[in-house]
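Counting begins at 1 with the first residue of the sequence. All values below come from the heavy atoms of this structure, side chains included, with hydrogens, waters and symmetry mates left out.
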Amino acid sequence: MSENKKNLAMKEVRQLEKELTVFVKQELKKRKYKMRDRTIFFTKEDVFICCNFLISVQKKLEYVIGVKNNDYDNIHWDIINMPDNKNEPESLKAVGAFSAPLIEIARENKEFSGDYELEAKEMLDNIDRIINNFIQKHNVDDYIIASDWYKGKGLVYFSPDLKALAYLHKGQIEEAKNFAKEMLARQNRGSTVNEGKGFYEWLLEKY
């Protein structure tokens, strides 16, 4: 595809996304969910949910659903010495550069029909189904702690920072500290750095 054709295709896609967003917002109002920068977010039973959506050049509607415990960001910001973030709008948990990571629990990719109203409703209905199913089956802390993907076990990928946050949320301080030491021994300082110190360095300093 030539550069001009690519640009035209991207322009068309952006317009489709813009028109779809109008109908997504209508669905969000019915469910009292929020959105910023094509990222849908809401809280259900202490679980914070995010869903990023887009329309690809291939005219497919793609979206990724991620979750974390609603308290993780406050714990995370206290650790990395950014407590003022707790006073910011809730959208910071969804799109902020220093927000706590998410566990990806679903990734959808389907042909975009062009029926904006139908696509918006079906996407939100599907998000609700996936989230309800996840919440019924899992406790977020236990789900994270049970996974040892970083040791080559299990299929669920997520930032290891979440494991430390899950331990802390459960009050298991020593486990969180031991995990931080393990990650530092693996040359992993954590996914966020503030004031020259990584997440795990901050955690050991604060606890």
Side-chain angles (χ1 to χ4, degrees), residues 33-34 39-52 63-83 85-86 88 90-108 126-195 197-207:
Y33 299 166
K34 299 175 184 177
T39 298
I40 298 161
F41 60 94
F42 59 98
T43 302
K44 184 167 187 176
E45 296 183 28
D46 294 326
V47 178
F48 187 80
I49 297 106
C50 283
C51 177
N52 302 91
Y63 52 100
V64 178
I65 304 169
V67 301
K68 57 186 168 184
N69 188 282
N70 195 41
D71 294 332
Y72 285 0
D73 285 285
N74 289 347
I75 298 170
H76 182 252
W77 289 325
D78 280 337
I79 288 171
I80 64 173
N81 212 34
M82 300 180 75
N85 280 356
K86 292 187 285 187
E88 295 296 320
E90 188 182 32
S91 60
L92 197 66
K93 293 182 178 182
V95 299
F98 290 93
S99 60
L102 295 151
I103 316 163
E104 181 184 314
I105 62 168
R107 183 178 289 265
E108 303 291 322
N126 195 35
I127 292 168
D128 284 341
R129 274 193 301 273
I130 290 167
I131 292 304
N132 289 338
N133 185 54
F134 180 85
I135 289 173
Q136 285 173 11
K137 292 182 177 179
H138 304 290
N139 170 278
V140 174
D141 291 339
D142 295 338
Y143 183 77
I144 290 168
I145 290 170
S147 177
D148 281 336
W149 69 264
Y150 64 95
K151 293 180 179 177
K153 302 174 185 176
L155 301 175
V156 179
Y157 173 84
F158 54 83
S159 167
D161 295 12
L162 282 167
K163 196 150 190 169
L165 291 170
Y167 278 132
L168 292 173
H169 189 248
K170 286 174 70 76
Q172 297 177 359
I173 309 302
E174 288 305 311
E175 288 86 345
K177 289 167 66 175
N178 289 336
F179 184 74
K181 291 173 186 175
E182 179 186 344
M183 288 296 101
L184 287 170
R186 290 168 173 259
Q187 308 300 312
N188 184 344
R189 300 172 70 201
S191 60
T192 49
V193 176
N194 186 37
E195 299 175 19
K197 286 181 277 194
F199 171 72
Y200 295 118
E201 293 159 320
W202 274 116
L203 190 156
L204 292 173
E205 182 175 310
K206 292 293 178 76
Y207 289 93

A.B. asks: Quick one about D161 and Y72 (side-chain donor to acceptor, distance below 3.5 Å, no hydrogens or angles considered), yes or no?
C.D. replies: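 Short answer, no.
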A.B. asks: Any chance you could measure R189, atom CZ, to K197, atom NZ, to the nearest 0.5 Å?
C.D. replies: 10.5 Å
A.B. asks: Would you give the length of the straight line joining atom NZ of K93 to atom CD1 of I49, rounded to the nearest 0.5 angstrom?
C.D. replies: 11.0 Å
A.B. asks: What heavy-atom pair brings T192 and A97 nearest, and what distance separates the two atoms?
C.D. replies: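 Nearest heavy atoms, T192 then A97: CG2-O, 4.4 Å.
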A.B. asks: Specify the closest pair of heavy atoms between C50 and L102, including all atoms of both residues, with the distance to one decimal.
C.D. replies: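 Closest approach of C50 to L102, heavy atoms only: CB-CD1, 3.9 Å.
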A.B. asks: For N69 and V140, work out which heavy atoms get closest and say how close.
C.D. replies: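 What the structure gives for the nearest pair is N-CG1, 3.8 Å.
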A.B. asks: Are F199 and H76 an aromatic pair by the rule of ring centers under 6.0 Å?
C.D. replies: yes
A.B. asks: Please step through side chain to side chain contact (heavy atoms under 4.5 Å, CB included) for the pair I145 and K170, ending with a clear verdict.
C.D. replies: CA-CA 10 Å; I145 290 170; K170 286 174 70 76; 3.5 Å; yes
A.B. asks: Please round to the nearest 0.5 Å and tell me the distance separating atom CD1 of I103 and atom CG of L162.
C.D. replies: 6.0 Å
A.B. asks: Donor-acceptor check, side chain of K44 to backbone of N132, threshold 3.5 angstrom: yes or no?
C.D. replies: no
A.B. asks: Among pairs that include at least one residue of residues 172-181, which meet salt bridge (Lys or Arg N to Asp or Glu O under 4.0 Å), considering only residues two or more places apart or in two chains?
C.D. replies: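 Only E174-K177 qualify under salt bridge (Lys or Arg N to Asp or Glu O under 4.0 Å).
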A.B. asks: How close do K163 and S147 get, heavy atom to heavy atom, and via which atoms?
C.D. replies: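 That would be NZ-O, 2.7 Å.
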A.B. asks: Does the pair D128 and Y33 meet the rule for a side chain to side chain contact (heavy atoms under 4.5 Å, CB included), with working shown?
C.D. replies: CA-CA 11 Å; D128 284 341; Y33 299 166; 2.7 Å; yes
A.B. asks: Run the side chain to side chain contact (heavy atoms under 4.5 Å, CB included) test on K68 and I144 for me, step by step, so that the C-alpha distance in whole Å, both residues' side-chain angles and the decisive distance to 0.1 Å come before the verdict.
C.D. replies: CA-CA 9 Å; K68 57 186 168 184; I144 290 168; over 6 Å; no
A.B. asks: Working to the nearest 0.5 angstrom, can you tell me the gap between F98 CZ and W77 CH2?
C.D. replies: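 With rounding to 0.5 Å, CZ (F98) is 11.5 Å from CH2 (W77).
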A.B. asks: Side-chain contact test, heavy atoms from C-beta onward, threshold under 4.5 Å: evaluate it for V193 versus E201 and give yes or no.
C.D. replies: no
A.B. asks: Is there a side-chain contact between I105 and I131 in this structure, where contact means two heavy atoms from C-beta onward sitting under 4.5 Å apart?
C.D. replies: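 They are in side-chain contact.
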A.B. asks: Kindly give the heavy-atom pair with the smallest separation between A164 and A176, and that separation in Å.
C.D. replies: O-CB, 3.9 Å
A.B. asks: Looking at side-chain heavy atoms only, is the closest gap between N126 and Y63 below 4.5 Å?
C.D. replies: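 Yes, at least one pair of side-chain atoms sits under 4.5 Å.
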A.B. asks: Is any side-chain heavy atom of Y143 less than 4.5 Å from a side-chain heavy atom of V67?
C.D. replies: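 Contact flag for Y143/V67 side chains = no.
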A.B. asks: Test L203 against every option in L165, I75, I79 by the side-chain contact (heavy atoms from CB on, under 4.5 Å) rule and name the one that passes.
C.D. replies: I79
A.B. asks: Short question: side chain of K34, backbone of S91 - any donor-acceptor pair under 3.5 Å?
C.D. replies: no
A.B. asks: Hey, mind stepping through E182 and N188 against side chain to side chain contact (heavy atoms under 4.5 Å, CB included) and telling me if it holds?
C.D. replies: CA-CA 9 Å; E182 179 186 344; N188 184 344; over 6 Å; no
A.B. asks: Given side chains that start at C-beta, do those of F134 and I130 come closer than 4.5 Å, heavy atoms only?
C.D. replies: no
A.B. asks: Let me confirm one number: the OG-CZ distance from S191 to F158, rounded to the nearest 0.5 Å.
C.D. replies: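 So the gap between those two atoms works out to 12.5 Å.
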A.B. asks: Any non-hydrogen side-chain atom of I173 less than 4.5 Å from a side-chain atom of L168?
C.D. replies: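 The answer is yes, as the side chains (C-beta and beyond) meet within the 4.5 Å cut-off.
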A.B. asks: Can you name the closest pair of heavy atoms from P160 and Y200 and give their distance?
C.D. replies: C-OH, 3.2 Å
A.B. asks: Can you tell me which residue among D46, N70, N74, D141 is in a side chain to side chain donor-acceptor pair (under 3.5 Å) with H169?
C.D. replies: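 Exactly one option meets the side chain to side chain donor-acceptor pair (under 3.5 Å) with H169, and it is D141.
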